[in-house]
Number of protein chains: 2
Amino acid sequence: MQKKDFSDGPCPVARTLGVVGDWWSLLIVRDALNGVRRFNDFHRGLGCAKNILSSRLAKLVEHGVLRTVPASDGSPYREYELTEEGKGLRLVLLALRQWGEDNLFEPGERRTTAVDRASGRPLAPLEMRDADGRPLGPDDVEVRAPAP
Amino acid sequence: MQKKDFSDGPCPVARTLGVVGDWWSLLIVRDALNGVRRFNDFHRGLGCAKNILSSRLAKLVEHGVLRTVPASDGSPYREYELTEEGKGLRLVLLALRQWGEDNLFEPGERRTTAVDRASGRPLAPLEMRDADGRPLGPDDVEVRAPAP
DNA sequence: CTCTCCCGGTTTCGACATTAAACCGAGAGG
DNA sequence: CCTCTCGGTTTAATGTCGAAACCGGGAGAG
């Protein structure tokens with residue numbers, strides 16, 4: 001994230017990582033998706049240095065992932081709210097979550113789980129699908145360079 | 001990525017970021033999914049410092065995302081190959097890609113595209129689904145803490 | 001009015017990570 | 001024998017991060 005700048009490159013993956021590709025940004029978005037809105041709540045939940053949190057929040061606001069709003073209750077402070085753009089990152093977070101569940105946990109180990117609010121059951125694994133909605137296997141996909 | 005260690009925490013997102021959460025790792029995996037296998041090819045494709053590339057490759061091997069194999073052709077060098085675990089990250093990469101396409105490109109701007117190899121058409125957007133395969137909206141999902 | 005605490009940061013500074021560039025050993029080619 | 005490429009490692013300069021100190025505004029206590 002530091003020196004290299006892919007923000008004008010042709011790869012959407014690299015551009016996205018330019019916005020949320022550092023250690024804290026996606027964890028901030030994760031907490032924001034869970035309803036966290038206040039500086040100190042992010043700070044406590046993440047345990048990251050306050051100056052870093054401050055700069056990350058500013059960067060996310062700058063890129064339109066978060067916006068600041070005056071106050072939700074009567075308190076005189078502002079809060080951080082996900083934009084629609086920011087909410088779109090829930091798919092990224094879910095993909096990261098499912099990969100971690102599958103590969104980084106022992107069976108039976110304690111973990112947080114994303115569930116369907118209505119039924120309380122865990123979500124289905126994400127699937128790649130073609131334009132008609134048919135599931136695609138690992139080798140059915142390739143990345144094409146842009147037209148010249 | 002640097003000091004904080006979430007590798008024994010309860011959140012699969014944080015654990016996953018501990019493995020691939022730094023600037024270069026996911027770009028390495030992206031190139032690996034595109035068939036890159038050799039050190040110098042990664043180096044040229046990414047433009048990152050060679051010592052960093054070296055340490056990232058080693059870390060990904062250590063975490064089981066990549067493995068080294070003796071040689072694919074006759075050359076005396078080893079190559080880096082995705083494990084099944086590593087291939088599972090294609091969903092993460094696709095989620096990042098689709099978010100970037102939707103939010104970080106002007107209409108008509110040049111970009112790489114993930115397509116169904118059979119039809120050549122772009123993939124459908126990823127969708128969250130419940131355990132029965134029914135699509136879920138943004139607010140139908142919540143994250144539950146582990147059982148005590 | 002004054003004292004103090006809490007919130008939301010900013011500043012400072014030492015530690016650590018990253019970078020570019022130089023270097024190096026093994027193997028291939030000429 | 002000389003040189004080139006591959007796959008790194010080492011080195012020195014630079015940049016970034018983290019912990020802690022600091023700070024200003026507002027609220028509440030007395």
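Just so it is clear: chains get the letters A, B, ... in the order the sequence lines come, proteins before strands, and each one is counted from 1.
Rounded to a whole Å, the CG atom of B:L53 is 18 Å from the P atom of C:dA17. For A:R37 and C:dC7, the CZ to C1' distance is 17 Å, given to the nearest whole Å. Between the P atom of D:dA19 and the CD1 atom of A:I52 lies a distance of 10 Å, rounded to the nearest Å.
Within the 4.0 Å cut-off from OP1 or OP2 of C:dT18, not a single side-chain nitrogen or oxygen of B:W24 is found. Considering only side-chain N and O atoms, A:W23 lies nowhere under 4.0 angstrom from the phosphate OP1 or OP2 of D:dG18.
Annotation: ring pair (Phe, Tyr, Trp, His ring centres under 6.0 Å) contacts of A:Y80 (sequence neighbours excluded): none. B:R44 pairs by the salt bridge (charged side-chain N to carboxylate O under 4.0 Å, His left out) definition with B:D41, not counting sequence neighbours.
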Could you write nucleotides 3-12 of chain D as a row of B, S and -, 5' to 3', where a protein heavy atom under 4.0 Å of any base atom gives B, of only sugar-phosphate atoms gives S, and otherwise -? ---SBBBBB-

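Under the 30°/60° scheme for interplanar angles, the aromatic rings of B:W23 and A:F6 are found to be tilted.
Between A:D22 and A:K59, at least one side-chain nitrogen of the basic residue sits less than 4.0 Å from a carboxylate oxygen of the acidic one, meeting the salt-bridge criterion. Of the charged side-chain nitrogens involved, at least one lies within less than 4.0 Å of a carboxylate oxygen, so that A:E84 and A:K87 count as a salt-bridged pair. Using a cutoff of 4.0 Å between basic side-chain nitrogens and carboxylate oxygens, A:R117 and B:D139 are not scored as salt-bridged.
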